[in-house]
Amino acid sequence: MFVYADNAATTKMSRVAIEAMVPYFESVYGNPSSLHSVGQEAKEALEDARARVAKVLGCEPREVYFTSGGSEADNQAIISAARLGARKGKKHIISTAFEHHAVLHTLKKLEKEGFQVTLLDVREGHNVTAQQVEDAIREDTCLVTCMYANNEIGSVLPIAEIGAVCKAKGVLFHTDAVQAVGHLKIDVKEQNIDMLSLSGHKFHGPKGVGALYCRRGIALTNVIEGGAQERGKRAGTENIPGIMGMVAALEDACEHMEETMAKVKAMRDRLIDGLSQIPHCALNGDPKNRLPGNVSFCFEGIEGESLLLLLDMKGVQASSGSACTSGSLDPSHVLLAIGRVHDVAHGSLRLSLSEYNTEEEVDHILTVVPQVVAYLRGISPVWRDLQNGKREYIL
Ligand SMILES: *Cc1c(COP(=O)(O)O)cnc(C)c1O
């Protein structure tokens, strides 16, 4: 059995998204900046796509800028807010300790330029509260950037409450909503969101395309210089096929959100209940306010990498929070941020579901994960020490 359970990393494209792209490769391949008719046809498609994204987010079309994905949108939002703040002598930014690296690394860069960054603690409930945000806001705060939902552990943040706090204090609010768009209901005006990042490939659209919502009146700073595309704020010939595929996927996801997310949630809860039976494990992330498809656990006494390799051999495509694959032995900053110690953080497993998963696949996962965990513990010196009482259990 082949089970794809890594939808937080990327998703399979939907049929509607693929079909929406084809005409823009084959016939409407013009450059939207060209004055001839095939160019103008592409331009019309682009503006239609912008209006459709705006409708989904609850904003105006002119507030939507297409980008190369979530990372670029995060970079541009944060850098823009920082530049605006610096002009008024405000160089303090608030974020959380479990953001995506697209946010954290941009903040690191700004710190080197003299900005001060406060990263909110996420140990309590594996989440942040609007009160924490309110308490951290200072006279010189120019931006609050908090993700909508965490990609590793699935916690969904109290975005509307944070938005209300930021509005009351007159501080710009950006949210990296890459994991939330297409999965959770979003209304940028109702939730007082000033800037929001989204990415096509996290909701069955294509890779390499995303969007930034930026409230009218907030001046964006270019991250990519060149032509006058995207109201002069993002240079480069627009990725029309990608944009059309993304918009089709977005509408499809939002139209069927209630049914699909109910189905995904039921599978998630069955996995969480089943895997919780494994001794000495712990669920990561907010148990209540949680992404519909996220299952994240730490298992004591094993290595996440071995777990992934053995699961792959059983057909289960999953992910771990540790970054050993990228050449470092450091466990995930997200798991450390919620207070998991190194040894425990190393034994992590993330299963992220979509509506393409089935109950049979859930059964398969529920059979193989306990087997593989038991096997790995059987050959683990750490587990032997725990069993012999030479080490204390943490979980
Ligand atoms: C995937 C992801 C990103 C990056 O998006 P790309 O389109 O791959 O650049 C940013 N933030 C979160 C929370 C993500 O899950």
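Every number for a ligand or one of its atoms is a count from 1 in the order of the listing.
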Q.
Using a 4.0 Å cut-off to any heavy atom of V178, which atoms of ligand 1 qualify?
A. 1 (C), 2 (C), 3 (C), 10 (C), 11 (N), 12 (C), 14 (C), 15 (O)
(Q) Can you name the atoms of ligand 1, numbered from 1 with element, that are less than 4.0 Å from a heavy atom of G69? (A) 7 (O)
Q. Do ligand 1 and D176 have nitrogen or oxygen atoms that lie under 3.5 Å from each other?
A. yes
Q) Hey, which of R138, K91, E111, H92 is the one that makes side-chain hydrogen bond (donor to acceptor under 3.5 Å, both in side chains) with Q116? A) R138
Q) salt bridge (charged side-chain N to carboxylate O under 4.0 Å, His left out) with R270: which of E360, E361, E359? A) E359
Q | Proximal candidate to atom 3 (C) of ligand 1 [heavy atom criterion; set H101, E99, K207, H100] | A | H100
(Q) Could you identify the single nearest non-hydrogen protein atom to atom 7 (O) of ligand 1 and state the distance to 0.1 Å? (A) S199 OG, 2.6 Å
Q: Using only heavy-atom distances, determine whether the side chains of S296 and E152 contain a donor-acceptor pair under 3.5 Å.
A: no
Q) Are any of the N or O atoms of G70 closer than 3.5 Å to those of ligand 1? A) yes
(Q) Let me confirm one number: the CZ-CD1 distance from F297 to I272, rounded to the nearest 0.5 Å. (A) 6.0 Å
Q. So is H201 in contact with ligand 1, going by heavy-atom distances below 4.0 Å?
A. yes
Q.
Please report whether ligand 1 has a polar contact with K202, defined as an N or O pair separated by less than 3.5 Å (distance criterion only).
A. yes
Q: Within a distance under 4.0 Å of any heavy atom of S71, pick out the atoms of ligand 1 and give their elements.
A: 4 (C), 5 (O), 6 (P), 9 (O)
(Q) Can you confirm whether L212 sits close enough to D74 that some side-chain heavy atom of one is under 4.5 Å from a side-chain heavy atom of the other? (A) no
Q: Taking the side chain as every heavy atom from C-beta outward, state whether F25 and M244 have any pair of such atoms under 4.5 Å apart.
A: no
Q) Is D121 salt-bridged to R123, cutoff N-O under 4.0 Å? A) yes
